[in-house]
Amino acid sequence: MTTTSGRMTDSWFLKGQWDHLYDTHVRHINRYIDKLSQENPYGLHIPYLAPWHGASDTRVLALLSGASSVGQRATGNDMICTENTSDLSMQLRRLMKLSGINRQQLSPWFTNPWASPNSAGIPESVQVPDSVQVPNQQWAPDEVLKGLLALMPNLQVVLCLGDEAAVMWRAVSADPEVSSRSIRGFFTYLPSQRLADAATIEHQESTWRDVAEYLRITPEPDGVAG
């Protein structure tokens with residue numbers, strides 16, 4: 001049964017993610033994140049992509065509408081991962097299990113990956129512009145996404161979850177360097193246990209199954225996608 005806790009609540013699991021932060025499959029992505037975070041003039045940072053996921057080897061990028069929901073450097077949890085404790089992470093794990101898409105095949109990302117100033121340890125008194133409105137183009141979320149895509153040579157699908165993700169992907173995929181790769185976009189709602197009705201859940205589940213079928217992924221007999 002899918003639980004709300006996620007493995008990130010396990011101190012040994014979390015330590016393992018930090019220990020493997022720059023493993024081969026995730027090194028270039030997390031170095032890219034380091035570079036962007038260090039150069040951002042507003043004190044914002046991007047949480048790391050957990051090595052739990054396929055990263056540079058990933059076939060599916062789950063593009064999540066909204067701002068990064070992690071970034072808690074003070075507590076040691078500063079990674080984008082489907083094993084986080086949020087309702088969103090729980091729903092992603094459920095849909096992965098349902099479709100058979102496993103953690104090595106999928107990596108999550110946010111349309112606005114920049115962590116909020118307060119979660120980065122910046123005092124509330126410091127006025128930091130909304131990262132979406134930062135005038136420097138290189139820090140704009142769509143430009144960050146383009147840079148991420150360049151580090152995922154095996155990517156075949158961008159699974160857009162929510163309206164913001166759909167809008168961003170349609171804009172980014174029009175870029176000649178991205179469109180030349182023939183990455184296919186799939187579109188459905190952002191998972192939420194609290195807000196979903198039956199029709200929404202049916203659309204989500206059908207879309208995730210469509211992605212798995214497109215990639216010729218067959219769920220394990222027990223339905224578990226590790």
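Any value given below was found using the heavy atoms of this structure, including those in side chains, with hydrogens, waters and symmetry copies removed. All values reported here derive from a predicted model rather than from experimental measurement.
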*Of all residues at least two apart in sequence or in a different chain, which pass the side-chain hydrogen bond (donor to acceptor under 3.5 Å, both in side chains) check with Ser65?*
none
*Contacts of His20 that satisfy side-chain hydrogen bond (donor to acceptor under 3.5 Å, both in side chains) - sequence neighbours left out*: Asp23
*Start with the C-alpha gap between Thr58 and His53, add the side-chain angles, then the distance that decides, and say whether side-chain contact (heavy atoms from CB on, under 4.5 Å) holds.*
CA-CA 8 Å; Thr58 200; His53 293 288; over 6 Å; no
_So does Thr85 get a backbone contact from the side chain of Ser89, meaning a donor-acceptor N/O pair under 3.5 Å?_
no
*In chain order, what residues pass the side-chain contact (heavy atoms from CB on, under 4.5 Å) check against Leu151, with sequence neighbours excluded?*
His28, Ile29, Tyr32
*Should Leu215 and Gln105 be marked as a side-chain contact (heavy atoms from CB on, under 4.5 Å) after you check the CA-CA gap, both sets of side-chain angles, and the distance that decides it?*
CA-CA 10 Å; Leu215 297 175; Gln105 295 163 335; over 6 Å; no
_Within one Ile-Leu-Val-Met-Phe-Trp-Tyr cluster: Leu49 and Tyr22, side-chain cutoff 4.5 Å_ = yes
*Counting distance only, does the side-chain N/O of Glu39 pair as donor-acceptor with the main-chain N or O of Leu36 below 3.5 Å?*
no
_So, using side-chain contact (heavy atoms from CB on, under 4.5 Å) as the criterion, who are the partners of Phe186 when residues are at least two apart?_
Val157, Leu159, Arg184, Thr207, Asp210, Val211, Tyr214
_Partner set under salt bridge (Lys or Arg N to Asp or Glu O under 4.0 Å) for Arg31, not counting sequence neighbours_ = Asp34
*SG/Cys160 to CH2/Trp169 distance, rounded to the nearest 0.5 angstrom?*
7.0 Å
*State, with a plain yes or no, whether a side-chain heavy atom of Leu64 is found less than 4.5 Å away from one of Thr111.*
no
*Can you check whether Cys81 reaches Asn84 side chain to side chain, under 4.5 Å on heavy atoms?*
yes
*Is the closest side-chain heavy-atom distance between Lys146 and Asp175 below 4.5 Å?*
yes
*Report yes if the side chains of Pro113 and Pro47 come closer than 4.5 Å at any heavy-atom pair, otherwise no.*
no
_A side-chain contact here means heavy atoms from C-beta on lying under 4.5 Å apart; do Leu106 and Met96 qualify?_
yes
_Let me confirm one number: the CG-CG distance from Leu155 to Leu148, rounded to the nearest 0.5 Å._
8.5 Å
*Consider only side-chain N and O atoms of Thr188 and Gln204, and report whether a donor and an acceptor are under 3.5 Å apart.*
no
*Of all residues at least two apart in sequence or in a different chain, which pass the salt bridge (Lys or Arg N to Asp or Glu O under 4.0 Å) check with Glu202?*
none
*Among residues two or more places apart or on two chains, list those pairs meeting salt bridge (Lys or Arg N to Asp or Glu O under 4.0 Å) that have a residue in residues 6-18.*
Arg7-Glu83, Lys15-Asp19
*In sequence, state the C-alpha distance, the side-chain angles, and the governing distance for Ile183 and Leu61, and then conclude on side-chain contact (heavy atoms from CB on, under 4.5 Å).*
CA-CA 10 Å; Ile183 300 169; Leu61 182 69; over 6 Å; no
*asked:* So, using side-chain contact (heavy atoms from CB on, under 4.5 Å) as the criterion, who are the partners of Asp163 when residues are at least two apart?
replied: none
*Go through the structure and list residues passing ring-ring contact (aromatic ring centres under 6.0 Å, His included) with Tyr189, not counting sequence neighbours.*
His203
*asked:* Give me the atom names and distance for the closest heavy-atom approach of Ile33 to Tyr48.
replied: CD1-CA, 3.9 Å
*With side chains defined as the heavy atoms from C-beta onward, is the minimum distance between Pro191 and Leu161 less than 4.5 Å?*
yes
_Trp109 and Ile80, any side-chain heavy atoms less than 4.5 Å apart_ = yes
*Kindly say whether Gly66 contributes a backbone atom to a donor-acceptor pair with the side chain of Glu164 at under 3.5 angstrom?*
yes
*Separation between CG of Asp142 and CG of Leu145, rounded to the nearest 0.5 Å*: 7.5 Å
*For Ser173 and Val178, which heavy atoms make the closest approach, and how far apart are they?*
CA-CG1, 3.8 Å
*Who pairs with Glu213 by side-chain hydrogen bond (donor to acceptor under 3.5 Å, both in side chains), at least two apart in sequence or on another chain?*
none
*Rounded to the nearest 0.5 Å, how far apart are NZ of Lys97 and CG of Leu92?*
15.0 Å
*Whether Ser107 side chain and Ala55 backbone form a donor-acceptor pair below 3.5 Å*: yes
*Yes or no on side-chain contact (heavy atoms from CB on, under 4.5 Å) for Val158 and Val60, after CA distance, side-chain angles and deciding distance?*
CA-CA 6 Å; Val158 171; Val60 181; over 6 Å; no
*Answer whether the closest heavy-atom distance between the side chains of Leu63 and Phe110 falls below 4.5 Å.*
no
_Contacts of type side-chain hydrogen bond (donor to acceptor under 3.5 Å, both in side chains), residue Asp57, not counting sequence neighbours_ = none
*side-chain contact (heavy atoms from CB on, under 4.5 Å) with Gln17: which residues, sequence neighbours excluded?*
Met8, Phe13, Ala50, Pro51, Trp52, Met79
*Provide the closest heavy-atom pair for Leu98 versus Arg209 in the form atom of the first, atom of the second, distance.*
CD1-NH2, 3.1 Å
_Quick check on the hydrophobic clustering: are Trp208 and Ile201 connected, directly or via other members, by side-chain heavy-atom contacts under 4.5 Å?_
no
*For Ser56 and Met152, indicate whether the former's side chain and the latter's backbone hold a donor-acceptor pair under 3.5 Å.*
no
